[in-house]
Amino acid sequence: MASQSDKRSPVARRSVLGTALGGAAVAALPGAAHAEQAGAGGDAGPAGGRRPWRLGTALADDSAWETFLRGQDLLWSRLPALWHEGPFLGDGLLGSMIYREPDAQQIRFTVQHGRVQDHRPELGSGWGTCRLPVGHLTLEPVGAITAVDWRLSLWNAELTGTVTTTAGTLALAALIHDEVLAVRVTASGGERVTWTFHPEEAISPRKIQEAPPAGYTGNPPWTTRTAADGTEQVLQPLTGGGQTATAYRRTGDELLLSVGHSFPSGTAAEADSLRTLRRGTSYAALRRRHVSWWHAFYRKSFVSFPDQRLQSFHWIQLYKVASASRAGGPVMATSGPWLEPTPWPAVWWNLNVQLEYWLIHGSNHLELDALAGTLRQNQEQLVANVPAAYRKDSSGIGRSSDMFANRSVGEPGTGAETGDLTWALHNVWLSYRHSMDKALLRDTVYPVLRRAVNYYLHFLTPGSDGKLHLPSTLSPEYPVVPPHDTNYDLALIRWGCRTLLESAELLGVQDESAPRWREVLARLTPYPVDDNGFMIGADTPYAQSHRHYSHMLMVYPLYLVNWDQPENRELIMKSVTHWHALTGAHRGYSYTGAASIHAMTGDGDTALGYLRKFFDPTTRYPCRANTHYTEAGPVIETPLSASQSLHDMFCQSWGGVIRVFPAVPSAWADVTLHDFRTQGAFLVSAVRKAGVTRFIRVRSLAGEPLKLRHGLSGTLTVLLDDGSPAHTRDLGDGTLAIDLPKDREVLVHSGSRPDLVIAPVAVSEPGPAWGLP
């Protein structure tokens, strides 16, 4: 394996690495789910014999991974002036953006934390339970800043580089780990290192848009203290109870900072922040633990394709989502952990939170799923959110809430937005389907979905046509009088009832509500449609530009109406075409949503065309320089959903069928996937060269039925990992049913056996690095 000093690109080194490993290395990027390890005498198959085939990998050690990911890093040769231009750091809780301090020759390191919020629910999520700002550090050079040379290393999740001034140079390194921001800055020439922490007023960032509501009282001012060991602290009490405490300590060239937040305790955060800081000890100690976590993180999956700019973007989104969310932590707010002035300083449930978490499934990163934990831990609050008359058997959530899901939901018939909890549960169901973890199904999906669907069932009434109808509800963000039989809700009701019936069977539950669910599926009114496709609701056509695809949820992401149903293809195409024909209101996720819908149809070129609109700087709301996105404020979900659009081009697994390379754009002749996780808990590896799929390897983690739409032509070879032919059945339409036991692998290819090597593909579409290179 080439050393770190080997300056050849991953592409130039690929043939060397692939040849060296060939079939003599075990099938895994380190960290993948493989029990075997390569040995001098070969490795044993599941029955104790020698394995007849194995994947090789050109990314078998740290240096190869570091070289590949270095090609995806963000770079800066100019000082970023805005938050959406600069580097960003995070560990799922603490977050920092780095950019120029406004109107000063200084560099700002924002200090924000995902748990820091107000606690006055009577004032609503925009003011009473909103995320609250903490503060920011400034690095204050002696001289005027003349240049920067920065790199945000994805592999190490670390910012490094220099700041050149008229007085000298500052060399810096920064990371966040275990809720500690660690920065090391050394000065040379006439420069010196000066830091100042600036607490920020504990008031809703929504103040940029509106005045506080009636009855609002400001939070008390912060106070400062110095601990016995010299650690500085800023203590922020809150009117509604609780405390935020920021602790920071400078030792030599290093500065360490932590943030604690407690509720209902008004004092615990003070001790928590000190304890966290002391646990950090030093930059070097933190960095050792930090890079170990990140190196293991990246190895869980791999994707490479020939568009350099989009490939880099995709790997940055994996870095971003892991910086913004971890299982057990707070569900992402619309800005993630990086709070800036915004009208949306809370968790939004009518699209944002769903799009934020889609890419964790295919990329094999379920350890980032804070959404499932949020719904599991706050079931009592979800009950309290519905009107008292329905709390016996129902749950719900309003459009926006705090991290504890605290927001009441209105009643159908009043024009309320009522389906958001059911849609969020679709995400949790996806986590179940990608893990096949029955505990997740039993403890979260089934009980919460049962109550969410029950809330709908209270309001369904038969019409003169004998069908069940839903009174007035809001299709998210469509600005008309809310119609009855809103497609958004009809789709969620259908999906919810189907999923409950399937779940009850899987769990062995004899549910007394099952007959009612079957009745709803049999009698629920059809989706309202007209000559332009899906309407918003009954008597309400899609007649003005709409950024949201709430009226097409049955197509994507629910796949209730899909391309495998020939009778629905014309309806799908009319609907998505008409949606985008009415322009003016479209935003970034309008393009990513259209890209994913076209990927379902198998049209990769059109999918890519829509996706590129998100990256077109001439559009009104494009992707920003550091891959973040803003409308009236930071909105983290759209770039993350763009990565899901790429997933949808490379591998899909809805409807019980795994589709490998279903919508690869014609310009991308080569694509590599490794350990892409699908529904049914399969790990898929596949290589496409010169526009042709060369092989597919599938590993079963749960023993679920495998149906594979492989895209191969000619006579197929389908071998299990002990060398025996797999039992298969041709299901037609290029789909093969394969008997694959749990913890076993199958290799599928046509013709002679190809080189079974996982490696980066050659870049055919060069592009500049993200950042300000």
Side-chain angles (χ1 to χ4, degrees), residues 2-10 13 29-31 59 61-80 85-92 94-99 107 109 139 148-163 170-178 180-186 253-254 283-304 308-309 311-324 337-338 363 365 625-628 639 760 767-773:
S3 69
Q4 293 188 30
S5 63
D6 190 337
K7 302 300 184 183
R8 288 171 291 175
S9 71
R13 296 171 53 211
L29 304 180
L59 292 165
D61 65 9
D62 280 2
S63 65
W65 269 102
E66 183 174 18
T67 301
F68 172 76
L69 284 176
R70 186 176 178 83
Q72 324 309 322
D73 287 348
L74 299 95
L75 305 175
W76 287 265
S77 60
R78 291 181 287 134
L79 182 63
E85 294 179 340
F88 53 98
L89 306 169
D91 66 352
L94 186 63
S96 182
M97 292 270 191
I98 299 96
Y99 54 97
I107 298 171
F109 287 71
L139 176 60
V148 300
D149 182 7
W150 293 350
R151 174 182 291 271
L152 180 53
S153 164
L154 300 184
W155 176 237
N156 294 322
E158 180 181 34
L159 174 67
T160 58
T162 58
V163 180
L170 298 172
L172 67 86
L175 56 83
I176 292 178
H177 188 72
D178 283 347
V180 176
L181 168 63
V183 188
R184 184 172 58 208
V185 182
T186 57
D253 293 336
E254 298 181 4
Y283 191 98
L286 276 168
R287 189 180 188 278
R288 283 192 295 271
R289 301 197 300 269
H290 177 75
V291 299
S292 176
W293 190 93
W294 281 95
H295 293 178
F297 168 81
Y298 287 117
R299 286 185 166 102
K300 291 185 179 180
S301 64
F302 180 74
V303 60
S304 180
Q308 176 57 41
R309 182 101 165 141
Q311 177 176 257
S312 174
F313 170 86
H314 173 70
W315 284 97
I316 294 167
Q317 300 325 294
L318 290 182
Y319 164 78
K320 184 189 296 179
V321 73
S323 298
W338 304 288
S363 61
H365 288 300
N626 64 358
T627 80
H628 279 264
W770 292 91
L772 298 174

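Note that the structure is a prediction, hence the values are computed from the model and not measured.
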Assess, by modelled atom type and distance only, whether the side chains of Trp155 and His295 contain a donor and an acceptor separated by less than 3.5 Å.
yes

Between Lys320 and Thr627, is there a side-chain donor-acceptor contact under 3.5 Å, judged purely by atom types and distance?
yes

For Pro80 and Trp150, the nearest pair of non-hydrogen atoms, with its separation, is CD-CZ3, 3.7 Å

Can you confirm whether Leu175 sits close enough to His290 that some side-chain heavy atom of one is under 4.5 Å from a side-chain heavy atom of the other?
yes

Is any side-chain heavy atom of Leu152 closer than 4.5 Å to a side-chain heavy atom of Leu89?
yes

Minimal heavy-atom distance between Trp770 and Ser312, with the atoms involved, is CD1-OG, 3.5 Å

Do Asp73 and Arg151 pass the salt bridge (Lys or Arg N to Asp or Glu O under 4.0 Å) test, and can you show the C-alpha distance, the side-chain angles, and the key distance before you say yes or no?
CA-CA 7 Å; Asp73 287 348; Arg151 174 182 291 271; 2.9 Å; yes

Say whether, by atom type as modelled, one donor and one acceptor occur between the side chain of Trp315 and the main chain of Gly71 under 3.5 angstrom.
no

For Ser301 and His365, run side chain to side chain contact (heavy atoms under 4.5 Å, CB included): C-alpha distance rounded to whole Å, both residues' side-chain angles, the deciding distance at 0.1 Å, then the answer.
CA-CA 8 Å; Ser301 64; His365 288 300; 4.2 Å; yes

Given side chains that start at C-beta, do those of Glu158 and Thr160 come closer than 4.5 Å, heavy atoms only?
yes

Could I get the full list of side chain to side chain contact (heavy atoms under 4.5 Å, CB included) partners for Val185, not counting sequence neighbours?
Leu139, Leu170, Leu172, Val183, Val193, Trp195

Are Leu69 and Tyr298 side-chain neighbours, meaning at least one heavy-atom pair lies under 4.5 Å?
yes

Report yes if some heavy atom in the side chain of Phe68 is under 4.5 Å from a heavy atom in the side chain of Leu59; otherwise report no.
yes

Might you point out which heavy atoms bring Trp294 and Ser323 nearest each other, and give the distance in Å?
CH2-OG, 3.7 Å

Step by step, would you call Leu154 with Leu74 a side chain to side chain contact (heavy atoms under 4.5 Å, CB included)?
CA-CA 8 Å; Leu154 300 184; Leu74 299 95; 4.1 Å; yes

Please list, chain by chain and in numerical order, all residues satisfying side chain to side chain donor-acceptor pair (under 3.5 Å) with His628, sequence neighbours excluded.
none

Where do Ser304 and Gln311 come nearest, in terms of heavy atoms and distance?
OG-OE1, 2.7 Å

I'd like to check Asn626 versus Pro87 (side-chain heavy atoms, cut-off strictly below 4.5 Å). Are they in contact?
no

For Tyr319, give me all partners under side chain to side chain donor-acceptor pair (under 3.5 Å), at least two apart in sequence or on another chain.
none

